[in-house]
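Here is the structure we will look at, set down as structure tokens.
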Amino acid sequence: MIKSQIISVLDKYPTIALAVSGGMDSMAMLEWFRQNRPKESFLIVNIDHHIRGAESERDSKFVSDYAKKHGINIKKYDVDCIPFAKEKGYTLEQAARILRHKIFEEVAFKYANVIATAHHSLDQAESVFMHIARGAGINGLAGMSVEDGYIIRPLLMTSKQEIIDYVKAYNIDYCTDSTNSENNYSRNFMRNVVMPEIKKHYPTFDNNLIKLSQRAKEIADFIDINTPALTLEYGGVYCDIQNKHNVIKAEMIRRAFSLLGVCVDIEERHIKSIIEFATSCKTGSIDMPYDTIVYKENNNIVIAKKTDYDIKTYRFSQGFYEFCGFELQVQKVDYKAFSNKNHCDNGIEKELFICTDNLSGLEIRQRKQGDRIDKFGGGSKSLGDFLTDKKVPLRLRDRLPVIANGNQVICVCGVEIAGQAKVTDKSKEIYKINLKSID
């Protein structure tokens, strides 16, 4: 029943927890494991969702009795879906899935390597069709995978008819869920009403959906391989989308939001507007859902979380300071410790040395209107223009701490110092300035 290529997947996991509801599919999966795998290599996880009252209690007892009869380890859980769905505004299907997967994650962490569910090929076809109806992209068309994080699906290449034949051949008992005939559930409506009507005219429709999912998976794998790796840095994700196909651009944008913890409700219209912004002559930023913002940076984009930082001002002295997602260390040193690193161009978080001889009233703060800096090579500029010249990203300019006397900035921490803070062999008051991101 379980295909040979999937058996090789099962062999990778020392302990597998089987999600067993008592229905035909999960009981067939359980019986196959009982007949073909050592008992110590698997266990049962059963969840009563308390949606069907006495019937769901009956099903859980049926699974428990089976486990006891055959000496199989079982973990039983109870979740109350109905109040959870009402509280959160979910459908019962959504609520059950969320609570179920919380338990699956816990079981996979505590008792097993993975959770095996009994999804089969017809489930795959139905899922793909539902994704099409909801307007899914390539990943939605690809449907479910045999291996998906802590979830595996041993029956995904097994047809429903093969499961029925297996149950008959081995006289396997199972429970029937009465809600399977209630078409107010979206999956039941698809399974009981829509699919049968389509199959009257297109008998191989479900098989064609499975073939579509396989092709989509191949395309999704190709996109995955050809999408550059992204990293979260300074609270944002830099996306170099120059000379990329729109499909790769879109995937990079989706992954950037995922790195920021935003995994839902980023729609095609959002992706389209970001690509248009990136390829336009516009500068600045645009707002996105879930308190995110997109900046233009070096003709590419950075997607970041909006973060409100407290305005802070400190009297300049030795010590450690937390400042707008950075840790700033100010350390007094002698000339022997000085190395001419102020001229090294290694971007933000450069180690700097300043001399404060003849400078008083210094403070550490964020930049503010009217700030100016005397450039190291001569001349004075507004701090805004100076940061532009230094190509400091727009998203960081209001976060970087500066050391200043009034509106005269002598050091942009992590970036550069002013001419009057230059260290010489005559300098007496020398400080090393280190900036490190803690976001």
Side-chain angles (χ1 to χ4, degrees), residues 1-50 56-79 81 95-124 127 142-160 162-163 166-167 169-175 177 217 221 263:
M1 181 181 68
I2 294 181
K3 308 304 179 187
S4 59
Q5 59 266 50
I6 292 185
I7 292 175
S8 65
V9 171
L10 302 181
D11 290 339
K12 295 179 355 185
Y13 303 105
T15 308
I16 299 174
L18 309 180
V20 180
S21 65
M24 178 190 290
D25 303 334
S26 63
M27 289 306 298
M29 177 178 70
L30 173 56
E31 183 66 16
W32 184 92
F33 269 80
R34 189 184 73 81
Q35 292 184 26
N36 294 279
R37 313 294 281 190
K39 281 185 185 178
E40 63 273 13
S41 71
F42 67 94
L43 64 134
I44 297 170
V45 55
N46 174 257
I47 304 170
D48 185 348
H49 296 85
H50 289 280
S56 61
E57 290 181 18
R58 175 208 69 187
D59 294 354
S60 286
K61 184 178 184 304
F62 172 80
V63 176
S64 295
D65 290 345
Y66 179 99
K68 184 177 180 181
K69 176 182 176 181
H70 296 287
I72 300 171
N73 186 16
I74 183 171
K75 302 296 179 184
K76 285 182 55 60
Y77 294 85
D78 290 89
V79 293
C81 284
R97 187 180 187 280
I98 290 168
L99 293 174
R100 183 165 60 247
H101 277 264
K102 282 184 179 179
I103 292 171
F104 286 172
E105 189 171 6
E106 176 187 334
V107 170
F109 179 75
K110 288 184 177 180
Y111 308 112
N113 303 106
V114 285
I115 304 289
T117 65
H119 293 100
H120 48 74
S121 65
L122 184 57
D123 291 324
Q124 177 79 301
S127 293
M144 296 177 283
S145 301
V146 172
E147 295 181 273
D148 186 10
Y150 57 85
I151 301 290
I152 62 171
R153 300 179 178 93
L155 302 181
L156 200 60
M157 295 181 182
T158 303
S159 70
K160 181 67 175 181
E162 287 177 292
I163 293 172
Y166 186 81
V167 167
Y170 290 95
N171 197 28
I172 301 169
D173 290 330
Y174 61 89
C175 300
D177 184 344
K217 181 68 166 60
D221 288 344
C263 301

Nearest heavy-atom pair of [X] and [Y]: which atoms, and what distance?
X: Arg58; Y: Cys175; value: NH2-CB, 3.7 Å
X: Ile115; Y: Ala19; value: CG2-CB, 4.2 Å
X: Asp59; Y: Ser21; value: CB-O, 3.7 Å
X: Ile2; Y: Pro154; value: CG2-O, 3.7 Å
X: Ser56; Y: Asp48; value: OG-OD1, 3.0 Å
X: Thr15; Y: Tyr111; value: CG2-O, 3.5 Å

Do [X] and [Y] have side-chain heavy atoms sitting under 4.5 Å apart?
X: Leu30; Y: Phe42; value: yes
X: Ser26; Y: Leu18; value: no
X: Glu147; Y: Tyr13; value: yes
X: Leu99; Y: His49; value: no
X: Val79; Y: Arg100; value: no
X: Lys75; Y: Leu43; value: yes
X: Met144; Y: Ile151; value: no
X: Tyr166; Y: Met29; value: no

inquiry  = The test is salt bridge (Lys or Arg N to Asp or Glu O under 4.0 Å); show your working for Asp65 and Lys69 and say whether it passes.
reply    = CA-CA 6 Å; Asp65 290 345; Lys69 176 182 176 181; over 6 Å; no
Please check: side-chain N/O of [X] versus main-chain N/O of [Y], any donor-acceptor pairing under 3.5 Å?
X: Ser159; Y: Glu162; answer: yes
X: Arg153; Y: His120; answer: no
X: His70; Y: Ile72; answer: no
X: Ser121; Y: Thr158; answer: yes
X: Ser60; Y: Glu57; answer: no
X: Asn46; Y: Val20; answer: yes

Pairwise distance [atom1]([X]) to [atom2]([Y]) - rounded to 0.5 angstrom:
X: Asp173; Y: Met24; atom1: CG; atom2: CE; answer: 11.0 Å
X: Leu155; Y: Ile6; atom1: CG; atom2: CD1; answer: 7.5 Å
X: Ile163; Y: Met27; atom1: CD1; atom2: CE; answer: 13.0 Å

key: Residue pair Val107, Tyr150: steps toward the side chain to side chain contact (heavy atoms under 4.5 Å, CB included) verdict   = CA-CA 10 Å; Val107 170; Tyr150 57 85; over 6 Å; no
query = Does Glu105 come within less than 4.0 Å of Lys102, counting only side-chain N to carboxylate O?
reply = no
query = Does a salt bridge link Lys160 with Asp25, judged by any charged N lying under 4.0 Å from a carboxylate O?
reply = yes
request  = Kindly state whether the ring of Tyr66 and the ring of Phe62 have centres lying under 6.0 angstrom apart.
outcome  = no
query = Near Lys3 NZ, under 6.0 Å, is it more than 12 heavy atoms from other residues, nucleotides or ligands?
reply = yes
